[in-house]
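Below is one structure; the comments refer to it alone.
Indexing begins at 1, ligand by ligand and atom by atom, following the structure's order.
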Amino acid sequence: MSRRDDLIARVVAGYREAFGTDPSELYAAPGRVNLIGEHVDYNDGLVLPCAIDRETIVALGDGPEARIEVAALDMGEGARDAFRLDVPVTRVDGEWQNHVRGVAHFLAEGGHDLKGARMAIAGDVPIGAGLSSSASFGVAVALSLSRHAGHSLAPRQLALIAQAAENDFVGCACGIMDQMASAASAAGAALLLDCRTLETRNVPVHPSLAITVIDSGIRRSLTESAFNQRRAECEAAARHYGVASLRDLTPEALEAGRGGLDDVLFARARHVVAEIARVEPMAEALASGDSAAISRLLTEGHRSLAEDFAVSLPALDRLAGEVGAALGSAGGVRLTGAGFGGCLVAVSDAAATGDIMAAVERDNAGAEIPARIHRFSPGSGAAPIVAG
Ligand code: GLA
């Protein structure tokens, strides 16, 4: 059985066990890996993520009128929730429940009436690895609840609803990148997204290149508070410069207006300005297969995340150093996602993936937790498997 068939079998069995009948609809939304443009989405910047071959699947069927019943199969024994649709949907103590409730709330608020449903949810995006298990969960729920009620929402609407749920119901001040990558990606391509306008362009990955995710095995901790703190620091820096967001700051204005700005806030702003400037060149290099340019851009990106944005860890720097040295100009590697653990992403000549593997093995010899390698081709965004 394929990975997806396994996951479908698991979610269908979970649905039967929870509700005693078969589901009639199935929907999927993928996780993502970000190639460049880190911590810039909430600064209105440019990002370049792509969908991975790991996803959340929702099995769904009719339920009692005006009531949603949910079984979250990966959230421990008997993880269930139920709420009514004929009164305002509210938050509860907990996390995954608020993704579902938040999505239902914001769909209704946007004028999309919902229908009662039973749903079982399961996924294989590793949690806490920087591959957006939350966004894939939220987008899968938004797609399934809206389709079940007969609404056909554009990917960008699904993404905005899942993001609003995460911001206002779950309490994470995330940007829009992850949800857009999960909702709007195209197979074989990375998604160049302007987070200010939400305009997108598919950037085909040159066939000579390979994308490799290196999971450090270190699961992030304290992310939410550190993440929200980074966001607040960026906003404080933007206020210092008198711009709406750091997207509006040129490298010249960054230096010229530095006077009176705290060193930490300056470093945060310097990361954002330099990182946004790396995105278009990375898109060009990805499309043309220019691995030397990719090597330079990803190496600079990692250094900037580690030194100026301070979201790396010594173990991740060491791993990135080993892999980067092994690749030379045949590709690059950097921390991906929010940081404080999780994954590195390498983009390289396909012929150099053996060098990545050898470097990771060398690093594993001295590491507390062994890193694991995953190669994949960019997949497509959220879609029904069996629509209602
Ligand atoms: C998390 C957030 C995203 C983005 C990245 C960092 O994944 O959910 O919105 O800010 O971190 O680039």
_Within one Ile-Leu-Val-Met-Phe-Trp-Tyr cluster: Val11 and Phe19, side-chain cutoff 4.5 Å_ = no

*Ion pair check, Arg118 and Asp62, cut-off under 4.0 Å*: no

*asked:* If we check side-chain contact (heavy atoms from CB on, under 4.5 Å) with Leu85, which of these qualifies: Leu145, Leu114, Leu107?
replied: Leu114

*Check ring-ring contact (aromatic ring centres under 6.0 Å, His included) between Tyr42 and all other residues, then give those that pass, not counting sequence neighbours.*
His39, Phe227

_Basic-acidic side-chain contact under 4.0 Å: Arg318, Asp363_ = yes

*Can the positive tip of Arg258 be found less than 6.0 Å from the middle of the six-membered ring of Phe266, inside 45° of the ring normal?*
yes

*For ligand 1, list the protein residues that place a heavy atom within a distance below 4.0 Å of one of its atoms, sorted by chain and number.*
Arg32, Glu38, His39, Asp41, Tyr42, Cys174, Gly175, Met177, Asp178, Phe227, Ala338

